[in-house]
Structure formats: structure tokens, C-alpha cells
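In what follows, a single structure is set out as C-alpha cells and then discussed.
No hydrogens, no waters, no symmetry mates; every other heavy atom, side chains included, goes into these values. Being a predicted model, the structure only gives us computed values, none of them experimental.
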Amino acid sequence: MAETVLEDSVERPVPTLRHRDDLQGLRALAVLLVALDHGGVPFLQGGYVGVDVFFVLSGYLITGLLLRQAGRDGRVRLTDFYVRRARRILPAAVLTLVVTDVASLLLLNLVRAREAVSDSVWAAFFMANVHFAREGSDYFSQLQPPSPVQHYWTLAVEEQFYLVWPVALAGVLAVPLLRRRLLWIVLAAAGASLAWSIHSTATDATYAYYSTATRAWELALGAALAIAAPRLRGAVAWLGLACICTAAVAFSSSTPFPGYAALLPTIGAALVIAASPGRASRLLSLAPFRFVGDRSYAFYLWHWPVLVIAAEYVGHDLSTVVRLGLLAGAFGLSILSYALYENPIRQMRWRPQTGALLWPASAAVILAVAVPILVSLNARATRISNAAAAVRPTELVRETTAARSSWKPLPAVLDAVNAAKRGAALPWPLTPAVTDLRNDLFAFPSGCSARQDETTSKICRLGAADATKTLVVFGDSHAEMWMPPVLRMAKRDAWTVVPFVKVGCVSSSWTHKSWPCGIWYRWAINRAAALHPQATLVVGSWAGSRTPVAAVKGVTGLIRDARSFSASTIVVGDSPHQHRNPVDCLLAAGANMRTCSSKATLVEQQTDASVAAAAAKAHVGFMNVTGWFCARASSVAVLCPMVVNRTIGWIDQGHISSTYGVELSTPFRNAFRRELFR
């Protein structure tokens with residue numbers, strides 16, 4: 001490690017160098033915070049701030065390296081820099097990706113293996129942050145298990161920084177006027193990135209978390225330290241460590257991040273880096289910290305796929321004790337890979353031309369492993385899809401059947417529950433194809449629903465083109481999932497359907513004034529009132545709510561608002577959720593009707609009953625849909641199978657498949673008409 005001090009020289013930077021063992025200790029602290037957070041240590045839920053410490057360190061060390069080279073040679077040698085970076089980063093990154101791909105093929109089900117290997121291709125080209133930002137912006141993708149290579153987003157951010165910053169620095173140093181203002185240029189760039197980070201964290205948290213633009217200020221902070229090379233009192237290192245540890249303990253997944261919150265750990269890292277030698281630096285320089293710090297990169301690469309693949313293989317969340325054991329194994333793996341692979345490659349003497357080939361060679365190696373695996377997995381998926389396409393689902397309720405109480409289980413659901421009680425084998429083939437299950441979801445025409453970062457949407461008119469009656473559908477992603485039977489009913493009975501839907505804004509958020517759900521809610525209510533609809537359908541997610549009282553309060557508030565402008569208001573109940581992801585359950589070894597069924601919890605039943613009571617008190621309709629998914633299996637247990645007839649009813653733990661929604665068109669219409677005309 002090298003501390004770089006830039007003298008006040010117009011002609012060229014002249015660095016002063018000193019080895020910094022304490023910075024290796026800071027690396028150790030950062031990686032341990034990240035790993036222990038992922039390991040489930042309850043008091044370190046903000047351990048993800050270790051990544052931000054890494055960013056500040058990288059900005060400092062890389063800028064110091066470049067300034068040292070410029071001071072020695074009079075210019076930044078870009079080829080030499082990129083070869084060094086390739087030799088340091090690529091071998092370990094490629095090894096981890098290749099092993100992860102092979103392990104995913106051998107240990108994970110078809111769908112998860114295909115997703116992991118596809119993700120590794122993005123990681124190979126250091127575009128993982130772009131990929132996962134796009135995935136994370138899809139509300140339904142967020143409900144899927146994490147990718148074994150999701151942690152490669154941090155490498156992508158750093159590599160994108162490495163691609164741009166040396167070229168920019170070389171350009172600035174080549175111009176004397178700019179060179180004298182280098183520190184101010186870096187601080188201005190950092191300020192712009194921080195401002196964008198704060199704005200994006202408030203408006204699009206997923207983008208803000210993964211984006212290089214919103215993280216660049218952290219790297220720039222480290223760069224500014226390398227340029228200014230301040231020497232502060234050694235005591236501030238303790239303050240810096242306190243800032244980092246406070247963030248790790250006080251923050252959690254609910255903390256808006258990065259934004260303002262990221263200032264605490266990054267300033268803490270900056271204080272540690274800038275501090276003169278003292279007791280804190282001696283603590284970080286101890287041999288155990290240096291040992292972990294030397295292997296921090298390898299440990300970071302290995303720990304995440306070990307945890308994720310193990311959890312997906314066993315099919316349930318792992319205890320903290322098991323996770324810590326897996327982390328110990330991952331650290332042992334990092335010791336071996338560092339000693340036998342990573343360090344020897346880094347110490348090899350290579351020609352610059354040979355080193356430059358590392359970039360394309362690394363991508364080629366990953367593609368050589370990933371492409372054959374994907375071809376094989378896609379062939380298997382195609383066979384499953386073709387079999388599913390041949391399935392003709394049995395009609396759940398015939399059109400001629402009289403309307404029945406919606407809370408009574410459908411005969412097909414009763415049959416499925418009885419099969420689950422017997423532990424019967426899953427029927428085969430199933431529809432939709434389990435390999436395509438994630439895509440079996442209704443999607444509004446572009447702009448007809450508000451995205452996560454939006455507070456308005458288009459006013460769209462769906463359903464019957466020449467209808468004179470208007471049906472407003474108001475709600476969250478559960479309103480979207482019910483659109484197939486709603487639109488079928490609308491076309492048959494001549495309704496114009498106007499959706500006011502925002503995924504992610506569940507019923508407990510409707511009466512809040514916070515951004516964005518509260519703002520969207522007031523906008524949607526005002527626009528819906530202007531339509532004077534004949535009926536308003538209220539559809540929300542509350543069965544799996546962690547705040548059932550707030551969920552009921554939100555529905556009650558919407559009922560009150562809707563009654564002021566709608567001739568009729570009908571609330572659609574929320575069925576109990578599944579406790580496992582259908583893809584993982586249905587593709588698990590030994591899966592059967594019993595293992596792929598969930599018991600409704602008492603809270604789920606009570607919350608739905610409370611919503612029904614609120615609707616009855618307000619004298620509005622309520623469609624109890626529980627019997628379309630679940631039936632009583634005993635005096636105390638309500639069982640909800642994932643499969644009814646040959647149809648998979650769910651795409652994830654809380655949303656029904658479009659295929660099953662279409663099959664429910666008749667019972668849905670019957671229940672709607674009964675509540676409308678009662």
C-alpha cells in the first residue's frame with residue numbers, strides 16, 4: 001500500500017511513498033462487515049457499508065498509484081495501469097464465476113441454474129450493476145431469490161471507474177492550468193455525484209444502489225485524499241472507525257441508501273485513511289487484520305455464492321449458525337485460492353502485450369463455460385415448455401353453474417387439497433411451464449400503471465371499446481394480477497376498465513402522505529373521482545402484510561374515498577400466500593402435492609376477515625376469494641395447493657399466474673355480479 005502526497009508543483013506531481021499496513025486492516029474490517037451482514041448476524045444489518053469503505057479505499061489507492069507513476073515518468077502510462085489491474089482482478093474473478101457456474105449446474109434447479117449462468121455473462125463483461133439495476137427495477141423480479149453472482153455489481157462499479165478515471169486524470173495532468181486545479185475538479189465531480197445519489201435514492205432506490213453515477217463520489221472522495229494527502233491527528237482514526245461501525249450497527253435494509261446515509265461510513269473511511277499513525281492504525285496493522293486484508297478480495301468473491309447456492313440447494317433460509325459455518329468454509333477457500341492461484345499470478349512477470357490479452361481471454365473463458373451450459377439448460381426448458389403447451393386445463397366452473405358463495409372452495413380446489421393430504425404426486429405436465437412461470441403475468445399497456453419511481457400514469461381505457469359503464473380498478477400489483485378475469489368480464493358485460501395501479505404501493509401505504517405512494521394515491525383518487533364510475537374495484541395485498549392494522553386502515557380509507565364518487569364499491573379479498581417460491585418447490589427433488597402446498601396462517605385469515613368486516617360496516621361489496629385457492633384440510637388447518645388440476649396457480653409467493661386467473665374468469669364474474677346487484 002502506498003500513501004501519496006502531491007507537492008505543490010506546476011510541472012508534475014511528485015509523490016512521497018510509505019507502506020500502509022493499516023489500510024490492509026481497513027480492508028479486513030470492510031469485508032468482515034459485509035460477510036457477517038450476509039451471514040445474518042443480527043446486530044450488523046448495516047454491514048453492507050463495508051462496500052462503501054472499499055470504494056473510498058479504491059479511489060485513494062488507484063489515484064495514488066497513477067500520481068506516483070505520473071511523478072516518476074512524467075505521464076500516466078495507461079497500458080501499464082490496465083495490465084496491472086487485469087492481473088490483479090481478473091484471475092480470481094474468472095475462477096469464481098467458472099466455479100459458480102458449474103456449482104449452479106450441479107446443485108440448483110433448472111431455472112435457478114439458467115439465471116445464475118446468464119448473470120455470470122453480465123459479470124464477465126463488468127456490467128453486473130447495469131443488469132441487476134434493471135432486474136431490481138422490476139417489482140416482480142425483486143421477489144425472486146438473489147443471484148449467486150449479484151455481488152459482482154461492486155466489481156462492475158470499480159471497473160467502470162478504472163476505465164474512465166485514468167484517462168480523465170491523464171488528460172487533466174497534461175494541461176498545466178487544469179493540473180493546478182486537479183483537487184477542485186475532483187471535488188466538483190464528487191459533489192455532483194453525491195447530489196445525484198441523494199436525488200436518486202429518494203426517487204429510484206434500486207438504480208441509486210447499483211449505479212456508478214451515484215457511487216462515483218465515494219471513489220472520488222478517495223481520489224481527493226490521494227491528491228491532497230492530508231495528515232490529521234491519529235485520534236481521528238478512532239472517530240473514523242466509530243463512524244463505520246455505527247453505520248454497520250444502526251443501518252438496515254430499510255435505510256435509504258446510498259444518499260445521505262452513505263456519508264457516515266465513507267467519511268469514516270476517509271478519516272482512517274487520512275489519519276497519521278496512532279493506536280488505531282497500529283490496531284488495524286496487527287497480523288490477523290493484515291492476513292484477512294490480504295485475502296479480502298478472494299473472500300468477498302467466494303462468500304456470496306457459497307451462501308446463496310447453499311440456501312437454494314436446501315430450499316429454505318439458513319440459520320445464522322449455519323451461515324457462519326459456511327462463511328468459515330468460504331474463508332478457507334479464499335486462503336487456498338489466494339495462495340495457490342491469485343497471488344502466484346499477480347507476482348508473475350508478464351510482457352505488456354501478454355497482460356493486455358487478459359481482458360478478452362477472461363471473457364472468452366467464461367463464455368466457453370457459460371454458453372454450453374446455457375445451451376443444455378435451454379434445451380431442457382424447451383422440452384418442458386412444449387409439454388406444457390399441450391395441456392388443456394379443465395374448466396373450473398361451467399358457465400351454466402349457478403353462482404355460489406365465493407368463500408366455499410371450488411370442487412377442483414377440494415380435489416387438490418385432498419391430493420395434498422395424501423401426498424399424491426404432482427400431475428405432469430403442468431401449465432404454465434414452470435420454466436416460464438415468472439413471465440406468466442399480465443402486463444398493462446405501456447404507461448397505464450405507475451412505475452416505482454412515478455406518481456402518475458396515463459388514464460387508460462381497457463375492456464369493451466363501446467361500453468357505456470366505467471369500472472375503476474384501484475390497487476397495487478394484486479390489482480394487476482387480477483386483470484385477466486376482469487378484462488374478460490368487461491368485454492362480456494360491456495364495461496370500460498380504467499386502472500389506477502401502482503405496484504409496490506400496498507394497502508398499508510395508501511393513506512400515508514410520504515413519497516411516492518401517498519402522492520400517487522391522492523393523484524389517483526382525484527382522477528378516479530372525475531370519471532364518476534358505476535363501480536370501483538379495490539384490490540390490494542394484505543394477506544402477507546407485516547402491519548395488518550395499517551393494511552386494514554388503508555383499505556378502510558380507500559373505501560371511504562371511493563364511496564364519495566363511485567355508485568358501487570367492491571373489495572376483492574386477498575388469498576393466503578404461499579410460503580415457498582413455486583419454481584423452487586415444484587422443481588425440488590421429491591416434490592409432491594403436500595410439499596408444494598402452504599397452510600394459511602392465522603394472521604392472514606384474520607386480516608382478510610378484518611377487511612371483510614370493514615367492507616360490511618361501510619355497506620360495500622366484498623369478494624372472498626380464499627375458496628378459489630384454499631380449503632380446510634382439518635378442523636384447524638386451511639391448505640392452499642400450488643397446483644389445481646394441472647395449473648400452477650402462483651408465479652411467486654404472493655401473485656397468481658395469468659393462466660390460473662383466466663381459469664377463474666367465471667367464478668370471478670359470478671362473485672362480482674353477486675356483490676354488484678345485492
Side-chain angles (χ1 to χ4, degrees), residues 393-397 401 403-424 426-427 430 437 440 477-478 481-482 484-485 507 539-545 548 551-552 571-582 585-586 591-613 615 622-668 670-672 674-675:
T394 305
E395 190 175 14
L396 291 175
V397 176
T401 303
R404 51 192 279 123
S405 298
S406 56
W407 57 85
K408 291 184 178 179
L410 296 174
V413 173
L414 283 171
D415 291 342
V417 168
N418 289 330
K421 290 166 62 177
R422 298 192 308 271
L426 289 167
L430 296 171
L437 195 55
D440 195 57
S477 59
H478 284 220
M481 78 182 186
W482 279 113
S507 58
V539 195
S541 172
W542 51 75
S545 176
V552 176
V571 180
V572 179
D574 194 22
S575 66
H577 291 185
Q578 292 292 329
H579 301 162
R580 287 189 65 186
N581 189 290
C585 188
L586 296 171
N592 58 45
M593 288 294 294
R594 178 187 292 122
T595 61
C596 290
S597 297
S598 293
K599 291 181 180 179
T601 66
L602 184 60
V603 172
E604 288 176 324
Q605 297 176 67
Q606 289 177 340
T607 305
D608 207 49
S610 297
V611 172
F622 180 80
M623 295 167 54
N624 190 322
V625 304
T626 301
W628 303 347
F629 303 91
C630 314
R632 191 166 294 281
S634 67
S635 59
V636 294
V638 175
L639 204 59
C640 308
M642 288 181 184
V643 176
V644 176
N645 289 331
R646 289 183 177 271
T647 303
I648 303 173
W650 309 80
I651 64 166
D652 54 34
Q653 290 168 270
H655 299 90
I656 69 171
S657 66
S658 284
T659 301
Y660 193 59
V662 169
E663 293 179 31
L664 289 173
S665 294
T666 298
F668 189 96
N670 289 345
F672 176 84
R674 182 176 57 250
E675 297 304 315

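- In this structure Asp652 satisfies the side chain to side chain donor-acceptor pair (under 3.5 Å) test together with His655, sequence neighbours excluded.
- Minimum interatomic distance between Asn645 and Pro427 (heavy atoms only, all atoms of both residues): O-CG, 3.4 Å.
- Every residue two or more places apart in sequence or in another chain that forms a side chain to side chain donor-acceptor pair (under 3.5 Å) with Ser598 is listed here: Gln578.
- Considering CG of Asn581 and CG of Leu586, their distance stands at 9.0 Å, rounded to 0.5 Å.
- To the nearest 0.5 angstrom, Asn592 atom CG is 11.0 Å from Arg422 atom CZ.
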Candidate pair Trp628 and Tyr660, rule ring-ring contact (aromatic ring centres under 6.0 Å, His included), full reasoning: CA-CA 10 Å; Trp628 303 347; Tyr660 193 59; 9.1 Å; no

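- Judged by distance alone, the side chain of Arg594 and the main-chain N or O of Lys421 form a donor-acceptor pair under 3.5 Å.
- Side-chain contact check for Thr626 and Asn624: at least one donor-acceptor pair (N or O, by modelled atom type) lies under 3.5 Å.
- Remark: Trp542 engages no residue in a ring-ring contact (aromatic ring centres under 6.0 Å, His included) (not counting sequence neighbours).
- A side-chain donor-acceptor contact under 3.5 Å links Asn418 to the backbone of Leu414.
- In this structure, the separation between NZ on Lys599 and OG on Ser634 is 6.5 Å, given to the nearest 0.5 Å.
- Asp574 places no side-chain N or O within 3.5 Å of a backbone atom of Ser541 that could act as its donor or acceptor partner.
- Separating the OG1 atom in Thr647 from the CE atom in Met642 is a distance of 15.0 Å, to the nearest 0.5 Å.
- A distance of 11.0 Å separates CG of Leu430 from OG1 of Thr659, quoted to the nearest 0.5 Å.
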Audit row: Val571, Met623, side chain to side chain contact (heavy atoms under 4.5 Å, CB included) steps and yes/no: CA-CA 6 Å; Val571 180; Met623 295 167 54; over 6 Å; no

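- Of the inter-residue distances, the one linking Ser575 atom OG with His478 atom NE2 reads 7.5 Å to the nearest 0.5 angstrom.
- In this structure, Trp482 and Phe629 have perpendicular ring planes: the angle between them is above 60°, well past the 30° mark.
- With hydrogens and angles ignored, the 3.5 Å screen pairs no side-chain donor or acceptor of Thr595 with any backbone N or O of Ala591.
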Side chain to side chain contact (heavy atoms under 4.5 Å, CB included) between Val539 and Met481, intermediate numbers included: CA-CA 10 Å; Val539 195; Met481 78 182 186; 6.0 Å; no

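- Judged purely by atom type and a 3.5 angstrom limit, Asp440 uses its side chain to pair as donor or acceptor with the backbone of Ser658.
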